[in-house]
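Remarks on the structure that follows.
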Amino acid sequence: MASWMDLAPDLNLIHSPFPGAMAMNQGTMEGDRDGHRIGVRQIDEYNRTARTGITLTIREPLTIGLSIKASASSRGQTHWFWAVFAGLFLCGGIGGAIAALHPGPLVVCLVGVIVLWAWLAARRAQARQKARAIPTGDSDLDRIFQIEAKKPDRAAEYMRIPRVCELLVELAAGDRELAVTDRKITLNINRMIKTSADFEKELRNMSELASLLIAG
């Protein structure tokens, strides 16, 4: 596995080391791919494995107010996890208060109520997003992507292009985070990419998607 500094020339990108020359940070890479501007960075977060962030700036921005976001398949299950978590607090607090004949455990109930309120608020926000979403006509795609646009008909035309859908699905595979707007395609991958072949695959897919959006 080579460092990004070694991979950059093969990818026709320019490497910039992280300020301070931290050994654990790969720095950044920048350059052009098929006329689109490419930026690669390392995403560091507390108590989480470093990730790879790739941004492609589309050379000819769209004008439809497009917003395509990938939603990990487990996100809906996460909402239910918090509901169960709130239920356990409520039941535990009430049960403790009854068993001990003391109001102290009811504080646990308050925590459960707060968690439950947050869960309901998240569900309402999700419902509003779904109401604004543009259906693709494919239930599998609708579960993966949240699609919005100021010009819905124009956005729906993109989703009727098979290759566009194929590229979106490939880029969003697994628990990645993908966002597509009029100006950018942003991909966050939950690991550090350290091979030229892996980078080439992602950059090629992003570049092809950008070109199809321009042509479409």
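Both backbone and side-chain heavy atoms feed into the values below; hydrogens, waters and symmetry mates do not. This one's a predicted model, so the numbers in the text were calculated from it and none came from an experiment.
- Using a distance-only test at 3.5 Å, with no hydrogens or angles considered, a donor-acceptor pair links the side chain of Y158 to the main chain of L213.
- For the residue pair S196 / D10, no side-chain donor-acceptor distance below 3.5 Å is found, with atom types taken as modelled.
- In this structure the side chain of V169 reaches within 4.5 angstrom of the side chain of L141, judged on heavy atoms.
- Within a 6.0 Å sphere centred on CE of M5, heavy atoms belonging to other residues, nucleotides or ligands number 12 at most.
- Annotation: side-chain hydrogen bond (donor to acceptor under 3.5 Å, both in side chains) contacts of R59 (sequence neighbours excluded): H36.
- Separation of atoms OG1 (T63) and CZ (R183) is listed at 10.5 Å; rounding is to 0.5 Å.
- Linking Ile, Leu, Val, Met, Phe, Trp and Tyr whenever their side-chain heavy atoms come within less than 4.5 Å leaves I14 and M29 in two separate clusters.
- Contact between A210 and L56 at its shortest, heavy atoms only, is CB-CD2, 3.6 Å.
- Within a 6.0 Å sphere centred on CZ of R37, heavy atoms belonging to other residues, nucleotides or ligands number more than 12.
- Atom CD1 of I185 is separated from atom CG of L178 by 7.5 Å, given to the nearest 0.5 angstrom.
- The shortest non-hydrogen separation linking R163 to L212 is CG-CD1, 3.6 Å.
- Between atom CD of residue Q42 and atom CZ of residue F18 there is a gap of 8.0 Å, rounded to the nearest 0.5 Å.
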- Item | side chain to side chain contact (heavy atoms under 4.5 Å, CB included) assessment of T55 paired with R41 | CA-CA 9 Å; T55 299; R41 70 194 187 285; 3.5 Å; yes

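- With values rounded to the nearest 0.5 angstrom, T181 atom OG1 is found 8.0 Å from L62 atom CG.
- Residues K150 and D182 form no side-chain contact, since every pair of their non-hydrogen atoms from C-beta on lies 4.5 Å or further apart.
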- Message: For a side chain to side chain contact (heavy atoms under 4.5 Å, CB included) check, start with the C-alpha distance between L168 and L209, then their side-chain angles and the critical distance, and finish with the verdict.
- Response: CA-CA 8 Å; L168 286 171; L209 176 60; 3.8 Å; yes

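- Both I144 and I189 are part of a single hydrophobic cluster, where members link through side-chain heavy atoms under 4.5 Å apart.
- Among L203, I193, L7, the one residue that satisfies the side chain to side chain contact (heavy atoms under 4.5 Å, CB included) test with D198 is I193.
- For the atom pair M206 CE and D34 CG, the distance stands at 12.5 Å (nearest 0.5 Å).
- By the 4.5 Å heavy-atom criterion applied to side chains, W4 and T52 are counted as neighbours.
- Scanning both residues, G53 and I43, for their nearest heavy atoms gives CA-CD1, 3.8 Å.
- I38 contributes atom CD1, which lies 6.5 Å from atom CZ of R33 (distance to the nearest 0.5 angstrom).
- Of all the heavy atoms in H15 and Q26, the pair that sits closest is NE2-O, 2.7 Å.
- Scanning all heavy atoms of the two residues, the minimum distance from L187 to R176 falls at CD2-NH1, 3.9 Å.
- Closest of all the heavy-atom pairs between L11 and F199 is CD1-CB, 3.7 Å.
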